[in-house]
*Asks:* 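Questions regarding the structure given below will be posed in turn.
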Number of protein chains: 2
Amino acid sequence: MDRRTELLNCAENVARRHGYDGFSYADLAKEVGIRKASIHYHFPSKADLAVALIERYASTHAEALAVIDETSELASDRLAAYVQGYRKALSGGAKICLCAAFSVSRDSLTDEALRELDAFRGNSLNWLEKTFQLANKDGSVSHSAEPAEEAAALLATVEGAQLVARAANKVSDFDQATKLFLSRLP
Amino acid sequence: MDRRTELLNCAENVARRHGYDGFSYADLAKEVGIRKASIHYHFPSKADLAVALIERYASTHAEALAVIDETSELASDRLAAYVQGYRKALSGGAKICLCAAFSVSRDSLTDEALRELDAFRGNSLNWLEKTFQLANKDGSVSHSAEPAEEAAALLATVEGAQLVARAANKVSDFDQATKLFLSRLP
DNA sequence: CCGAGTATACCTACTAGTAGGTAGTTGTCA
DNA sequence: TGACAACTACCTACTAGTAGGTATACTCGG
C-alpha cells in the first residue's frame, strides 16, 4: 500500500472516531510511523486532507451502492443491505460515518470540503429515492410513501442510529433504532 | 444573569455549533468578556464544564417534556411538539443537540460526562416510549408499533435530521427528514 | 477586613505549517 | 553507457499561535 493511501486510511479511521477537530497530524504521524512534517508532503494542509478524505469516502460509498444494485433485485433487499452497511461501518460503536463526523465540525471545513460533503449526501439521497421508487413498483416495502420523503427519513434514521450507538458505544442501540424500518421489509 | 449561567449559555451555544473539541476557554473568555483564567474559577477544568453543561441540558430537556405533557393530551400532539422542539433547537441549521455534538467527541469526555450523557438519552427514550404507549391507547398515531422500537427510531430520526440539516445548513432538510413521521399524525 | 470574583503573568504541551536539507530513484541525452 | 538533472519521499529543526491549567495579586461590596 502506498503511503498516501495509508495516511488516508489512518485519517479516516481517526476522524470517524474523534471528528475533524479531534485528530492532528501528530496523531497520524505516530500511527503511520513517519514524521509529522512528512505528512505535509502528501497533504500540504489539513484542509487538503479533508477534501481527499471526503472524495475517497464518496467514491467508495458510490461503489458500494452499485454493488448492492448488482447483487439485489428487490428494493427491500437493497435497503436492508444499505442499513447493514451503516451497521458494519459503526465498527461496534466506535466509529460513525465520515459525513456525520464532519458535519459537527462544519465550521472548521473549507468551502471545497463542504461542497464535497454536500455532493456525497446528494448521491446518497438520489440512490435512496431511486430505490424507494422501485419499492413503489415491486411492492417489497410495506406502506411505502413518497420516495423523496422516505429517502430523507431513512438517511436521517441511519445517521442518527449511528450517533446514538456511538454515544453508548453499543451496536444494539443501532439495531433498536433501525428495527422499525426493517420490520417494513419482508 | 450570574456569570456561571452566562458561561454555561455561551459554552452550550458554541459546543452545539462546533462540538466539544471545537471550542476553548479562550473562545468563551472573548465572548463573555472576562479573562480565560477567570473561567477556571467557575469551572476548574473543561471536564467540569462539560458535566455541568450536560446536567443543565438534561434538566432543561426534562422540563420541556413535562411542559409538553401538561399542554397536550393526545400522544400525537406530544410527539409533534417533541419534533418541533428539535427543529427549533436547530437554530436554522447552525446548532445541533448537545448530546449529538458530544457523542462525536466521545473519547474526549470523562466517565462522569459519559454517564450524564447516557442518563439524558435514557430519559428521552423513556418519555418517548411512554408516549408511544399512550399512542397505542388513544390511537392518535397511525399504525403505531412496539413503543420501545418507535421510541428508538424517532430519537434516531430527529438526531439524524439535525445532523443532516446542520451539514447543509438548511432547516428544510430537517423538515424533509421528519415529514414521513409527522404524516402519521393527524 | 473578609472573601468572591477577576486580573496578570506565567507554565507545559500541543497545533498546523515552514525552511532547508538529504538519500535514493528515475529520466534523458551525448 | 555514463553523467547530470530532476523528482520522490522523507528527515531535523524551527516558527507563530493555541490548548488547558496554575500561582498569585488585586478589587470591591457586605
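Residue numbering restarts at 1 for every chain, and letters A, B, ... go by the order of the sequence lines. Please read all numbers here as calculations on a predicted model, not as lab measurements.
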*Asks:* If the sugar-phosphate is the primed atoms plus P, OP1 and OP2 and the base is the rest, what is the B/S/- string for nucleotides 4-13 of chain C, using protein heavy atoms under 4.0 Å?
*Replies:* SBBBBB----

*Asks:* Considering only residues two or more places apart or on different chains, which pairs with a residue in residues 64-92 of chain A satisfy ring pair (Phe, Tyr, Trp, His ring centres under 6.0 Å)?
*Replies:* A/Y82-A/Y86, A/Y82-A/W127

*Asks:* Under the rule for side chain to side chain donor-acceptor pair (under 3.5 Å), what residues qualify as partners of A/T178, not counting sequence neighbours?
*Replies:*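 A/T178 satisfies side chain to side chain donor-acceptor pair (under 3.5 Å) with no residue once adjacent residues are dropped.
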
*Asks:* Per the side-chain contact (heavy atoms from CB on, under 4.5 Å) rule, which among A/Q162, A/K170, A/R16 passes with A/L90?
*Replies:* A/Q162

*Asks:* Could I get the full list of side chain to side chain donor-acceptor pair (under 3.5 Å) partners for B/T157, not counting sequence neighbours?
*Replies:*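 Checked B/T157 against side chain to side chain donor-acceptor pair (under 3.5 Å); matches are A/T157.
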
*Asks:* Taking side chain to side chain donor-acceptor pair (under 3.5 Å) as the test, write out the residues that go with B/R121, two or more places apart.
*Replies:*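 Side chain to side chain donor-acceptor pair (under 3.5 Å) check on B/R121 returns A/D173, B/D118.
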
*Asks:* C/dA16 C1' sits how many Å from A/K46 NZ, rounded?
*Replies:* 9 Å

*Asks:* Taking the side chain of A/D27 as its heavy atoms from C-beta onward, which of C/dT15, D/dG21, C/dG17 lies nearest to it?
*Replies:*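 Within the option list, the nearest is C/dT15.
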
*Asks:* Protein-nucleotides 27-29 of chain D N/O pairs closer than 3.5 Å?
*Replies:*
none

*Asks:* Establish, for the pair A/K30 and A/Y25, whether the NZ or CZ atom is under 6.0 angstrom from the six-membered ring centre and no further than 45 degrees off its axis.
*Replies:*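 Geometry flag: not set, cation outside 6.0 Å or 45°.
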
*Asks:* Dot-bracket for DNA chain C, 5' to 3', with Watson-Crick and G-U pairs under 3.5 Å, [ ] for crossing pairs and | for other-strand pairs: what is it?
*Replies:* ||||||||||||||||||||||||||||||

*Asks:* Contact list please: residues 11-25 of chain B against DNA chain D, heavy atoms, distance less than 4.0 Å, in numerical order.
*Replies:* B/F23, B/S24, B/Y25

*Asks:* Is A/K179 positioned over the aromatic face of A/F174, cation under 6.0 angstrom from the ring centre and no more than 45 degrees off axis?
*Replies:*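 Here A/K179 fails the 6.0 Å and 45° test against A/F174.
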
*Asks:* Using distance only, find each side-chain donor-acceptor pair of residues 108-115 of chain B under 3.5 Å and give its atom names and separation, not counting sequence neighbours.
*Replies:*
{"residue": "B/S108", "atom": "OG", "partner": "B/D21", "partner atom": "OD1", "Å": "3.1"}
{"residue": "B/S108", "atom": "OG", "partner": "B/D21", "partner atom": "OD2", "Å": "3.1"}
{"residue": "B/T110", "atom": "OG1", "partner": "B/A113", "partner atom": "N", "Å": "3.4"}

*Asks:* When you check the gap from the basic side-chain N to the acidic O, do B/D107 and A/R17 get nearer than 4.0 Å?
*Replies:*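 No.
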
*Asks:* If you look at every heavy atom in A/P147 and A/Q133, which pair is closest and at what distance?
*Replies:* CG-CG, 3.6 Å

*Asks:* Using a cutoff of under 3.5 Å, can you pull out all pairs of nitrogen or oxygen atoms linking the protein to nucleotides 22-27 of chain C, with atom names and distances?
*Replies:*
none

*Asks:* Does anything in residues 106-114 of chain A reach DNA chain D, meaning a heavy atom under 4.0 Å, and if so which residues?
*Replies:* none

*Asks:* Quick one: CG on B/L8 to CE on B/M1, what's the gap to the nearest 0.5 Å?
*Replies:*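 B/L8 atom CG to B/M1 atom CE measures 10.5 Å (nearest 0.5 Å).
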
*Asks:* Using the side-chain contact (heavy atoms from CB on, under 4.5 Å) definition, which of the options B/L134, B/L154, B/L74, B/L182 pairs with B/L79?
*Replies:*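 Only match with B/L79 under side-chain contact (heavy atoms from CB on, under 4.5 Å): B/L154.
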
*Asks:* To the nearest 0.5 Å, what is the distance between NE2 on B/H61 and SG on B/C97?
*Replies:* 7.0 Å

*Asks:* What's the spacing between A/F43 CZ and A/S38 OG if we round to 0.5 Å?
*Replies:*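 Between A/F43 CZ and A/S38 OG, I get 13.0 Å after rounding to 0.5 Å.
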
*Asks:* If hydrophobic residues (ILVMFWY) are linked whenever their side-chain heavy atoms come closer than 4.5 Å, directly or via other members, who joins A/L163 in its cluster?
*Replies:* A/I96, A/V104, B/I96, B/V104, B/L163

*Asks:* Using a strict cut-off of less than 4.0 Å between a Lys/Arg side-chain nitrogen and an Asp/Glu carboxylate oxygen, indicate whether A/E12 and A/R56 qualify as a salt bridge.
*Replies:*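 Looking at A/R56 together with A/E12, the answer is yes, because their closest N to O distance falls below 4.0 Å.
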
*Asks:* One thing to verify: whether B/D27 and B/K36 come together as a salt bridge, which I'm taking to mean a side-chain N less than 4.0 angstrom from a carboxylate O.
*Replies:*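 Answer for the salt bridge query: no.
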
